[in-house]
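Throughout, protein chains are lettered first and strands after them, A, B, ... in sequence-line order, and every chain is numbered starting at 1. Note that the coordinates shown come from a computational prediction; the quantities given were computed from them, not determined experimentally.
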Amino acid sequence: MEETIQITLPKEIIEEAKEAGVDMNRFKETLKTFALLDIIARTSKLSKKEALLLSKKIKFSAWKKIKKRLNV
Amino acid sequence: MEKNKEKVKCIIINSNILFSSLIKEDGFTRAALLVLKNTSNVKLLIPNTVVNEFKINLSEISRKSGLSSKNVLITFEKLLENVERLNELDLKDEIKEGIKYVKDEKDTPFVAVALKYRPAYILTYNVKDYKKEKLEKLDILVVTPKDALSSIGVEELEVKTKNKRKKNLLYYFAKLKMFMKK
């Protein structure tokens with residue numbers, strides 16, 4: 001089940017951003033993205049070791065294909 | 001590395017960075033990528049075949065992470081939004097050359113992209129996989145996310161506090177704002 005929630009940003013953060021001349025729309029979009037990624041990752045069981053192993057596997061498969069296609 | 005407000009920095013993302021962003025405790029990597037993505041003089045790049053392999057292996061990534069395929073895909077899509085994907089088939093010469101600068105051939109595509117776009121940075125958690133000194137002579141630096149952030153003037157994005165979970169989100173937000181000027 002999906003749910004939409006509202007996040008209130010602290011006033012001081014908004015003020016600081018405005019003072020720094022930050023593009024507020026871009027700022028808000030980035031915050032939304034960060035919050036979404038953080039929420040998704042909270043249920044992740046991936047360990048550092050598994051992450052590195054998956055990364056190696058992906059790179060190995062990619063490299064095999066590149067080598068074959070380029071004949072290097 | 002030089003501070004920002006100079007010419008565009010090309011940063012090539014190694015796949016270990018993207019996988020780290022799926023780790024529950026690794027908010028730092030997620031924040032670092034978003035900061036870099038939103039820094040005006042930074043251009044992020046990734047070899048296209050590596051991105052394709054993510055999609056091909058989505059079910060395994062999903063199984064190992066315990067996340068749904070949809071959520072893994074959302075994470076990668078969000079992190080790779082506006083990241084330029086390079087077709088390695090157009091980089092044959094750089095691929096041949098790149099093999100000389102890695103300790104394991106599978107890391108060659110990242111070096112190939114860096115050779116094409118140098119001066120460039122390769123963003124990785126496994127700096128030791130590359131022949132760093134030789135690459136430095138070619139204007140290619142192999143850096144961790146922390147080093148990359150330092151290069152644009154962001155220090156101490158990693159916050160050490162007992163209440164890390166409670167504080168880090170806002171802390172990152174506050175840091176992010178600095179690099180999204182109009």
**Report entry** Top contributor to chain B interface from A:V72, A:T33, A:I66, A:L52 [non-hydrogen pairs under 4.5 Å]
**Finding:** A:I66
Requested in this report: Find the one option among A:K59, A:K65, A:K67 whose heavy-atom pairs under 4.5 Å with chain B are most numerous.
Outcome: A:K59
Contact origin within [X] toward chain A - heavy atom pairs under 4.5 Å:
X: B:N14; value: side chain
X: B:N126; value: side chain
X: B:I17; value: neither
X: B:L67; value: side chain
X: B:L18; value: neither
X: B:K70; value: side chain

Report summary line: Of B:G66, B:S68, B:S15, the largest count of non-hydrogen pairs under 4.5 angstrom with chain A goes to B:S15
Report task. Find the one option among B:E81, B:E53, B:K92 whose heavy-atom pairs under 4.5 Å with chain A are most numerous. Result -> B:E53
Requested in this report: Keeping the roles fixed (side chain from A:E50, backbone from A:S47), state whether a donor-acceptor pair exists under 3.5 Å.
Outcome: yes
Query raised in the report: Between the side chain of A:S44 and the main-chain N/O of A:I40, is any donor-acceptor distance below 3.5 Å?
Result: no
Does [X] pair with [Y] as a salt bridge, N-O distance under 4.0 Å?
X: A:E29; Y: A:R26; result: no
X: B:E60; Y: B:K64; result: yes
X: A:D38; Y: A:R42; result: yes

Requested in this report: Applying side chain to side chain donor-acceptor pair (under 3.5 Å), name anything that partners B:K134, two or more places apart in sequence or on another chain.
Outcome: none
Query raised in the report: B:T144: what forms a side chain to side chain donor-acceptor pair (under 3.5 Å) with it, not counting sequence neighbours?
Result: B:D147
Atom pair [atom1] ([X]) and [atom2] ([Y]), whose distance is rounded to the nearest 0.5 Å:
X: B:K43; Y: B:I12; atom1: NZ; atom2: CD1; value: 10.0 Å
X: B:N57; Y: B:S59; atom1: CG; atom2: OG; value: 7.5 Å
X: B:T29; Y: B:L34; atom1: OG1; atom2: CG; value: 11.0 Å

Requested in this report: Measure A:L53 against the heavy atoms of chain B and call it side chain, backbone, both or neither at under 4.5 Å.
Outcome: neither
Under 6.0 Å from the [atom1] atom of [X], do we count more than 12 heavy atoms belonging to anything else shown?
X: A:K68; atom1: NZ; answer: no
X: A:K56; atom1: NZ; answer: no
X: B:K37; atom1: NZ; answer: yes

Query raised in the report: Looking at B:Y125, is A:K48 sitting on its ring face, NZ or CZ under 6.0 Å from the six-membered ring centre and within 45 degrees of the normal?
Result: yes
Query raised in the report: What about A:I39 and B:I74, same hydrophobic cluster or not, with Ile/Leu/Val/Met/Phe/Trp/Tyr joined at side-chain heavy-atom distances under 4.5 Å?
Result: no
Query raised in the report: Within residues 83-91 of chain B, which positions have a heavy-atom distance to chain A below 4.5 Å?
Result: B:E88, B:L89
Query raised in the report: If contact means a heavy atom pair closer than 4.5 Å, which residues of residues 108-115 of chain B contact chain A?
Result: B:T108, B:P109, B:F110
